[in-house]
A.B. asks: 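This is the structure I have questions about; it appears just below.
Computed over heavy atoms, backbone and side chain alike; hydrogens, waters and symmetry mates excluded.
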Amino acid sequence: MTQHALHPADDLLPRDIPVQLIDPTGAPVTDEHFTRPDNDALLRAYRGLVEGRRINDQANALVRQGRLAVYPSSHGQEACQVAASQVLGDRDWLFPTYRDSVAVIARGVSPADTMTLLKGDWHSGYDSHEHRVAPQATPLATQLLHAVGFAQAAKHRGEDTVVLALCGDGATSEGDFHEAMNFAAVFHVPVVFFVQNNEFAISVPLSRQTAAPSLAHKAIGYGMPGQRVDGNDVAAVLAVLGEAVDRARAGGGPSLVEAHTYRMQAHTNADDDTRYREREEVQAWIARDPLTRLRTYLTAEGALDEETEAALAAGSEEIAAALRDALNADSELDPEDLFRYVSTTRSPQLAEQWEQLRGEIDRSIQPTGGH
């Protein structure tokens with residue numbers, strides 16, 4: 001096994017205050033280490049924020065219409081979603097959670113295909129290899145182990161692939177999180193763990209999950225650097241994640257980035273968040289909205305005008321309309337799919353079950369004769 005240099009402890013510790021490059025009022029913030037992305041990169045990110053917000057709103061409406069079985073909204077977390085996609089190169093891979101639909105779409109997967117899993121189908125809806133996006137994971141933290149294994153394989157093949165593994169604060173309480181972090185550090189693999197700390201694991205607040213100063217502080221225990229970033233400041237998330245990705249690609253090994261953000265809406269449509277948090281707390285985060293923050297900054301910079309805003313809004317409406325049309329169309333279902341993909345060679349038992357089901361289907365569609 002190739003040995004890698006140990007880091008001094010001070011190099012692994014995150015900042016006491018999360019990195020911020022644009023404050024909640026939209027004013028620029030100077031940082032001694034991180035450089036704010038240029039306006040072209042931020043305009044690209046702003047487009048992603050506008051489209052992501054519209055996708056979140058449309059998906060929530062489709063849930064109410066019965067076209068989606070469930071939707072875990074990322075409303076208010078779009079800066080993390082957009083930045084996660086934007087910092088990756090064409091050969092890099094994204095390993096998302098169930099809440100990362102906007103990030104998946106930003107990687108090039110169509111909104112309709114992204115929603116396939118969430119409408120209750122048996123598959124993820126897209127070709128992972130085509131888009132370099134793993135299937136969205138519903139179990140907490142399982143995708144982190146897959147991400148580390150994928151990064152290890154890429155390293156063995158001599159590829160310059162970097163893997164970005166997304167998770168929430170709740171996932172850091174899982175054993176899989178520990179195993180993934182430890183393996184990644186010991187074997188020095190090119191993976192970046194990106195924790196979107198939105199304050200709640202369903203109804204469990206962060207204070208009941210950990211006594212650590214921050215989730216980023218957990219990184220030092222594994223021998224990798226940790227960093228904290230304002231998760232509602234897309235400029236800062238782009239800068240911090242971008243550095244971590246570049247470091248991994250250059251052979252610097254894994255790192256952990258914690259984004260401080262907030263889940264503005266309920267965990268899913270099946271959750272009643274009024275039972276565990278006050279409305280005043282939610283309202284306080286509206287002033288930190290990532291979309292409003294970047295709009296104010298870009299407008300002050302002269303990089304965003306009303307014409308561009310209108311064009312972006314129209315584009316996002318087209319995306320929403322296409323998503324509505326796709327999900328309002330009835331799917332053509334093939335009952336044999338229940339048996340077709342269970343195993344490479346269908347067992348006698350499965351073959352018998354399929355013949356029984358096919359017989360029932362045939363009998364149900366045969367016309368009945370009258371007397």
A.B. asks: What closest approach, in Å, do L49 and P290 show between heavy atoms, and which atom pair accounts for it?
C.D. replies: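 Looks like CD1-O, 3.8 Å.
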A.B. asks: Starting from the C-alpha separation in whole Å, work towards a yes-or-no answer on salt bridge (Lys or Arg N to Asp or Glu O under 4.0 Å) for D273 and R279.
C.D. replies: CA-CA 9 Å; D273 64 325; R279 291 299 90 189; 2.8 Å; yes
A.B. asks: Looking only at heavy atoms, which two atoms of E174 and A141 are closest? And how far apart?
C.D. replies: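 For E174 versus A141, the nearest heavy atoms are CB-CB, 3.9 Å.
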A.B. asks: Are any non-hydrogen side-chain atoms of S73 and N60 less than 4.5 angstrom apart?
C.D. replies: yes
A.B. asks: Could you give the distance from CG (L13) to CD1 (I220), rounded to the nearest 0.5 Å?
C.D. replies: 4.0 Å
A.B. asks: Is there a donor-acceptor contact under 3.5 Å linking the side chains of E278 and Q283?
C.D. replies: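 Their side chains do not contain a donor-acceptor pair, so the 3.5 Å distance test is not met.
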A.B. asks: Do R358 and E355 meet the salt-bridge criterion of a basic N to acidic O distance under 4.0 Å?
C.D. replies: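 A salt bridge is present here (some side-chain N lies under 4.0 Å from a carboxylate O).
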A.B. asks: How close do A201 and D169 get, counting heavy atoms only, and between which atoms?
C.D. replies: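 Nearest heavy atoms, A201 then D169: N-OD2, 3.6 Å.
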A.B. asks: What residue among H129, H131, R107 forms side-chain contact (heavy atoms from CB on, under 4.5 Å) with W93?
C.D. replies: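 With W93 as partner, side-chain contact (heavy atoms from CB on, under 4.5 Å) holds for just one option, H129.
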A.B. asks: Give a yes or no answer on whether the side chain of R346 reaches the backbone of A351 with a donor-acceptor pair at less than 3.5 Å.
C.D. replies: no
A.B. asks: Could you check E258 against Q196 for side chain to side chain donor-acceptor pair (under 3.5 Å), going step by step and ending with a plain yes or no?
C.D. replies: CA-CA 6 Å; E258 176 189 8; Q196 297 174 75; over 6 Å; no
A.B. asks: In terms of side-chain heavy atoms, does Y297 have a donor or acceptor partner in D23 at a distance below 3.5 Å?
C.D. replies: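 Distance-only check fails for Y297 and D23.
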A.B. asks: Salt bridge check, R340 against D334: does any charged N sit closer than 4.0 Å to a carboxylate O?
C.D. replies: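 Yes, D334 and R340 are salt-bridged.
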A.B. asks: Does one hydrophobic cluster hold both L43 and V234, with members joined at side-chain heavy-atom distances below 4.5 Å?
C.D. replies: yes
A.B. asks: Please check if any side-chain donor atom of Y262 sits under 3.5 Å from a side-chain acceptor atom of E281, or the reverse.
C.D. replies: yes
A.B. asks: Within the 4.5 Å heavy-atom criterion, are I55 and M115 side-chain neighbours or not?
C.D. replies: yes
A.B. asks: Are the charged groups of R15 and D31 less than 4.0 angstrom apart, N to O?
C.D. replies: yes
A.B. asks: Any side-chain to backbone donor/acceptor pair from E301 onto N39? Under 3.5 Å, distance only.
C.D. replies: no
A.B. asks: Please report the interatomic distance OG1(T261) to CG(N197), rounded to the nearest 0.5 Å.
C.D. replies: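 One gets 8.5 Å once the value is rounded to the nearest 0.5 Å.
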A.B. asks: Would H267 and R99 count as having a side-chain donor-acceptor pair, cut-off 3.5 Å?
C.D. replies: yes
A.B. asks: Quick check: Y222 with H178 (ring centres under 6.0 Å apart)?
C.D. replies: yes
A.B. asks: Does the side chain of F200 reach to within under 4.5 Å of the side chain of R208, using non-hydrogen atoms?
C.D. replies: no
A.B. asks: Hey, quick one: are V186 and F150 part of the same hydrophobic cluster, counting side-chain heavy atoms closer than 4.5 Å, chains of contacts allowed?
C.D. replies: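 Shared cluster, yes.
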A.B. asks: Would you find a donor on one side and an acceptor on the other, under 3.5 Å apart, between the side chain of S214 and the backbone of H217?
C.D. replies: yes
A.B. asks: Hydrophobic cluster membership, with links at side-chain heavy-atom distances under 4.5 Å among I/L/V/M/F/W/Y: are V50 and L238 in one?
C.D. replies: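 Cluster IDs for V50 and L238 match.
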A.B. asks: Side-chain donor-acceptor pair under 3.5 Å between D233 and Q20, yes or no?
C.D. replies: no
A.B. asks: Out of curiosity, does F95 fall in the hydrophobic cluster containing F187 (side-chain heavy atoms, cut-off under 4.5 Å, transitive links)?
C.D. replies: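 Yes.
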A.B. asks: Apply side-chain contact (heavy atoms from CB on, under 4.5 Å) to residues Y341 and D337 and explain how you reach the verdict.
C.D. replies: CA-CA 7 Å; Y341 304 108; D337 282 348; 3.7 Å; yes
A.B. asks: How long is the span from the CD atom in E51 to the CD atom in E317, to the nearest 0.5 Å?
C.D. replies: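 These two atoms lie 11.0 Å from each other.
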A.B. asks: When rounded to the nearest 0.5 angstrom, what is the spacing between CD in Q227 and OG in S255?
C.D. replies: 9.5 Å
A.B. asks: Hey, is the main chain of D16 close enough, under 3.5 Å, to the side chain of R228 for a donor-acceptor pair?
C.D. replies: yes
A.B. asks: Do S331 and K119 meet the criterion of a side-chain donor-acceptor pair at a distance under 3.5 Å?
C.D. replies: yes
A.B. asks: When you compare the side chain of Q65 with that of N328, does any pair of heavy atoms fall below 4.5 Å?
C.D. replies: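 A side-chain contact under 4.5 Å exists here.
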A.B. asks: Mark yes or no for whether Q58, through its side chain, and I319, through its backbone, hold a donor-acceptor pair below 3.5 Å.
C.D. replies: no
A.B. asks: D92 side chain to V163 main-chain N or O, any donor-acceptor pair under 3.5 Å?
C.D. replies: no
A.B. asks: Under a 4.5 Å cut-off applied to non-hydrogen side-chain atoms, are L140 and C167 in contact?
C.D. replies: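 L140 vs C167: side chains apart.
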A.B. asks: Taking atom types as modelled, is there a side-chain donor on S173 or Q209 under 3.5 Å from an acceptor on the other?
C.D. replies: yes
A.B. asks: Please check this pair: side chain of R47 against backbone of L42, looking for a donor-acceptor N/O pair closer than 3.5 Å.
C.D. replies: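 Side chain of R47 to backbone of L42, a donor-acceptor pair under 3.5 Å: no, none is there.
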A.B. asks: Do Y71 and T268 come within less than 4.5 Å of each other through their side chains, counting heavy atoms only?
C.D. replies: no
A.B. asks: Measuring from atom CG of L215 to atom CG of L256, what distance do you get when rounded to the nearest 0.5 angstrom?
C.D. replies: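 Interatomic distance, L215 CG to L256 CG, rounded to 0.5 Å: 7.5 Å.
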A.B. asks: Identify the two heavy atoms, one from S85 and one from A103, that lie closest to each other, and give their separation to 0.1 Å.
C.D. replies: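 Smallest interatomic distance, heavy atoms only, reads CB-O, 3.9 Å.
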A.B. asks: Does this structure show an ion pair linking R263 with E199, if we count only N-O contacts that are shorter than 4.0 Å?
C.D. replies: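 Looking at R263 and E199, the cut-off is not met.
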A.B. asks: Regarding T97 and D100, is there a side-chain donor-to-acceptor distance under 3.5 Å anywhere?
C.D. replies: yes
A.B. asks: Would you check, one step at a time, whether the test salt bridge (Lys or Arg N to Asp or Glu O under 4.0 Å) holds for R53 with D289?
C.D. replies: CA-CA 11 Å; R53 180 63 53 86; D289 190 307; 3.1 Å; yes
A.B. asks: Give a yes or no on whether the backbone of V63 and the side-chain of N269 come within a donor-acceptor separation of less than 3.5 Å.
C.D. replies: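 Pair absent, no side-chain N/O of N269 close to backbone of V63.
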A.B. asks: Would you kindly say whether T142 and D176 are connected by a side-chain donor-acceptor distance under 3.5 Å?
C.D. replies: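 No.
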A.B. asks: For the backbone of D113 and the side chain of T116, can you confirm whether one donor and one acceptor N or O come within less than 3.5 Å of each other?
C.D. replies: yes
A.B. asks: Decide yes or no on side-chain contact (heavy atoms from CB on, under 4.5 Å) for L117 and H123, but give the supporting numbers first.
C.D. replies: CA-CA 6 Å; L117 181 70; H123 58 83; over 6 Å; no
A.B. asks: Below 4.0 angstrom, N of the basic side chain to O of the carboxylate: do K155 and D160 qualify?
C.D. replies: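 No salt bridge links K155 with D160.
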A.B. asks: Closest heavy-atom contact between A154 and T161?
C.D. replies: CB-CB, 3.9 Å
A.B. asks: Backbone N or O of L21 within a donor-acceptor pair of the R36 side chain at under 3.5 Å?
C.D. replies: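 At least one qualifying donor-acceptor pair exists.
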A.B. asks: Do S74 and N56 get their side chains close enough for a donor-acceptor pair, meaning under 3.5 Å?
C.D. replies: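 Result is yes, a qualifying pair exists.
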A.B. asks: If every non-hydrogen atom of P135 is compared with every non-hydrogen atom of S128, which pair is closest and at what distance?
C.D. replies: CD-OG, 3.4 Å
A.B. asks: Is it the case that the side chains of Y46 and E309 hold a donor-acceptor pair, with the cut-off being a distance below 3.5 Å and no angle test?
C.D. replies: yes
A.B. asks: Under 4.5 Å between any side-chain heavy atoms of M264 and I286, yes or no?
C.D. replies: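 Touching, per the 4.5 Å side-chain cut-off.
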A.B. asks: What about F194 and V240, same hydrophobic cluster or not, with Ile/Leu/Val/Met/Phe/Trp/Tyr joined at side-chain heavy-atom distances under 4.5 Å?
C.D. replies: yes
A.B. asks: Show your working on side-chain contact (heavy atoms from CB on, under 4.5 Å) between V229 and H260 and close with a plain yes or no.
C.D. replies: CA-CA 6 Å; V229 62; H260 294 264; over 6 Å; no
A.B. asks: What is the distance from atom CG of N198 to atom CD of Q265, rounded to the nearest 0.5 Å?
C.D. replies: 12.0 Å
A.B. asks: I'd like to know whether Q136 forms a side-chain contact (heavy atoms from CB on, under 4.5 Å) with T114, so could you lay out the CA-CA distance, the side-chain angles of the two residues, the decisive distance to 0.1 Å, and finally the verdict.
C.D. replies: CA-CA 9 Å; Q136 288 183 267; T114 302; 3.7 Å; yes
